[in-house]
Participant: 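Just dropping this structure here.
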Amino acid sequence: MTAHTDPLVSTEWLAARLGDPKVKIIDASFKMPGVLPLPAEDYLAAHIPGAVFFDVEAVSDHTSPLPHMYPTAEQFARDVEALGISSGDTVVAYDAGGWAAAPRAWWMFLSFGHADIRILDGGLKKWMAEGRPTEAGKPTIVPGRFSAELDPSFIRSRDQLVANLDSSAEQVIDARGAPRFDGSVAEPRPGLRAGHIPGSRNLPYNELIDPATGTMKPLDEMRHAFEKAGLDLGRPVVTTCGSGVSAAVLTLALYRLGVRGSALYDGSWSEWGLQDGPPIATGAA
């Protein structure tokens, strides 16, 4: 990774560009259902100056019963324009510091053809710990002009993952915690079975984050973590999680390790774990 190719940017990098009209900052913070205060409320209380709120729930397919599935390209463009973002802008995504959704926003922008998208390493937590400025309330937004076209190779469907059970053409790695992966605890979303996709591997996404700084761990440590989980970085890989959000942390790490062609299972366990869903496995990988 070089400074030009690495999707991560530092707090110093972003601080030097505050106020640049071509750099658009989005707060993509996300929480599990029922956790209060809501991410939008946290955003209104304090956010990086000039940031707009990228609501993962809002920028999604509202016709689907599944949580925050990918929207159409037309909707994505419309929603992004409403945030004041244009196709020629550099977009910087951050979240509250738990790495829950900034990588999801990054992957969505890439999926819809916008390559100039970065992620703030350490997020708002690191920004505030360094005493950097924040502001409250809603900013005034001038709508942008954004074009989007979905590259379907960035995401996978349930049918594709079912077909992969027989072919094993793609490795599958799950970002959920080990107790959820092995099925020893109930899923936080009611009504879902417990366990994992047969043949998948497990690497909880928080194992890629330095707990002291909130930044991503060094590349060699992340490479070791994937290899320890049983992943061959030379073969295609699909990331999955509870609902297609934290899986993008693994996708980001793989991208930073030079892996290309990886994909994200959008429905993830919210779809696979349904009572009438495909076969499941329990226990360790």
Side-chain angles (χ1 to χ4, degrees), residues 1-32 35-56 83-85 89-110 114 116-141 175 204-223 225 245-246 248-257:
M1 285 278 101
T2 66
H4 180 68
T5 60
D6 193 342
L8 291 190
V9 297
S10 67
T11 50
E12 292 81 8
W13 185 96
L14 184 58
R17 289 162 175 80
L18 286 185
D20 184 334
K22 299 299 289 181
V23 175
K24 302 296 172 64
I25 308 169
I26 60 172
D27 182 325
S29 298
F30 170 82
K31 297 179 182 179
M32 289 292 289
V35 179
L36 299 175
L38 296 172
E41 295 170 340
D42 288 337
Y43 163 81
L44 291 175
H47 54 262
I48 293 175
V52 295
F53 185 63
F54 182 92
D55 190 339
V56 172
L83 295 178
I85 297 170
D89 292 333
T90 297
V91 182
V92 181
Y94 75 86
D95 53 40
W99 287 92
R104 166 76 180 199
W106 163 77
W107 195 242
M108 290 181 76
F109 272 90
L110 285 184
H114 189 83
D116 197 359
I117 168 75
R118 305 292 188 94
I119 300 172
L120 180 63
D121 197 12
L124 184 64
K125 181 178 179 180
K126 185 173 187 288
W127 181 272
M128 294 181 70
E130 294 169 349
R132 300 187 187 276
T134 61
E135 62 185 18
K138 288 185 178 181
T140 300
I141 297 176
Y205 74 92
N206 60 345
E207 293 185 11
L208 300 178
I209 309 303
D210 183 332
T213 63
T215 57
M216 263 199 154
K217 288 182 177 179
L219 294 179
D220 58 342
E221 292 185 28
M222 294 198 297
R223 183 178 292 107
V245 175
S246 62
V249 179
L250 303 189
T251 304
L252 170 64
L254 290 166
Y255 187 95
R256 297 188 68 229
L257 289 169

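Since we're looking at a predicted model, the values are computed, not measured.
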Participant: Taking the side chain from Ser29 and the backbone from Pro39, do they hold a donor-acceptor pair closer than 3.5 Å?
Facilitator: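 A pair under 3.5 Å: no.
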Participant: Identify the two heavy atoms, one from Asp95 and one from Ala101, that lie closest to each other, and give their separation to 0.1 Å.
Facilitator: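 Nearest heavy atoms, Asp95 then Ala101: OD2-N, 3.1 Å.
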Participant: Is it the case that more than 12 heavy atoms not belonging to Lys125 sit under 6.0 Å from its NZ atom?
Facilitator: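 No, not enclosed.
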Participant: What do the steps show when you test Asp210 against Glu221 for side chain to side chain contact (heavy atoms under 4.5 Å, CB included), and what is the final call?
Facilitator: CA-CA 10 Å; Asp210 183 332; Glu221 292 185 28; over 6 Å; no
Participant: Show the nearest heavy-atom pair for residues Tyr43 and Pro139, with the distance to one decimal.
Facilitator: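 Taking Tyr43 first and Pro139 second, the nearest heavy atoms are OH-CD, 3.1 Å.
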Participant: With rounding to the nearest 0.5 Å, note down the distance linking CH2 in Trp107 to CD1 in Ile117.
Facilitator: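 Rounded to the nearest 0.5 Å, the CH2-CD1 separation comes to 12.5 Å.
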Participant: If you look at every heavy atom in Ala28 and Ala105, which pair is closest and at what distance?
Facilitator: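 Smallest interatomic distance, heavy atoms only, reads CB-CB, 4.0 Å.
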Participant: Working note: Leu44 + Lys138, criterion side chain to side chain contact (heavy atoms under 4.5 Å, CB included); need CA distance, chi angles, decisive distance, verdict.
Facilitator: CA-CA 6 Å; Leu44 291 175; Lys138 288 185 178 181; 3.5 Å; yes
Participant: Measure the spacing between CG of Leu208 and OG1 of Thr215 and express it to the nearest 0.5 Å.
Facilitator: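 So the gap between those two atoms works out to 12.0 Å.
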Participant: Considering only heavy atoms from C-beta outward, does the side chain of Met128 approach that of Thr134 to under 4.5 Å?
Facilitator: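 Of all side-chain heavy-atom pairs linking Thr134 with Met128, at least one is under 4.5 Å.
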Participant: When you measure from the side chain of His114 to the backbone N and O of Asp89, does any donor-acceptor pair fall under 3.5 Å?
Facilitator: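 Looks like yes, one N/O pair under 3.5 Å.
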Participant: Let me see the working for Asp42 and Leu124 under side chain to side chain contact (heavy atoms under 4.5 Å, CB included), right down to the final yes or no.
Facilitator: CA-CA 11 Å; Asp42 288 337; Leu124 184 64; over 6 Å; no
Participant: Please work out whether the ring planes of Phe54 and Phe109 are parallel, tilted or perpendicular, with thresholds of 30° and 60°.
Facilitator: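 Geometry flag for Phe109 against Phe54: tilted rings.
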Participant: Of all heavy-atom pairs between Trp106 and Pro7, which one has the smallest distance, and what is that distance?
Facilitator: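 Minimum heavy-atom separation between Trp106 and Pro7: NE1-CB, 3.5 Å.
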Participant: Between the main-chain N or O of Trp127 and the side-chain N or O of Tyr94, is there a donor-acceptor pair closer than 3.5 Å?
Facilitator: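 No: the side chain of Tyr94 does not pair with the backbone of Trp127.
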Participant: Determine yes or no for a side-chain-to-main-chain donor-acceptor pair under 3.5 angstrom, with Trp99 supplying the side chain and Gly214 the backbone.
Facilitator: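 Yes, because the side chain of Trp99 sits within donor-acceptor range (under 3.5 Å) of the backbone of Gly214.
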Participant: How long is the straight-line distance from CG of Asp220 back to CZ of Arg223, given to the nearest 0.5 Å?
Facilitator: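 Here the interatomic distance stands at 7.0 Å.
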Participant: Give the minimum heavy-atom separation between Pro49 and Leu18, together with the two atoms involved.
Facilitator: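 Distance-wise, the nearest heavy atoms are O-CD2, 3.9 Å.
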Participant: Calculate, to the nearest 0.5 Å, the distance between atoms CZ and CD1 belonging to Arg104 and Ile119 respectively.
Facilitator: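 Reported to 0.5 Å precision, the distance equals 13.0 Å.
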Participant: From Thr90 OG1 over to Leu14 CG, what is the distance, rounded to the nearest 0.5 angstrom?
Facilitator: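 So the OG1 of Thr90 and the CG of Leu14 are separated by 11.0 Å.
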Participant: Step by step, work out the side chain to side chain contact (heavy atoms under 4.5 Å, CB included) result for Val249 and Met216.
Facilitator: CA-CA 10 Å; Val249 179; Met216 263 199 154; 4.1 Å; yes
Participant: Let me confirm one number: the CG-CG distance from Asp116 to Leu110, rounded to the nearest 0.5 Å.
Facilitator: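 If we round to the nearest 0.5 Å, Asp116:CG and Leu110:CG are 10.0 Å apart.
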Participant: Taking all non-hydrogen atoms of both residues into account, name the closest pair between Pro37 and Glu41 and its distance.
Facilitator: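 Nearest pair, atom of Pro37 first, then Glu41: CB-OE1, 3.3 Å.
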Participant: Please tell me whether Asp121 and Ser10 have a donor and an acceptor in their side chains that are separated by less than 3.5 angstrom.
Facilitator: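 No.
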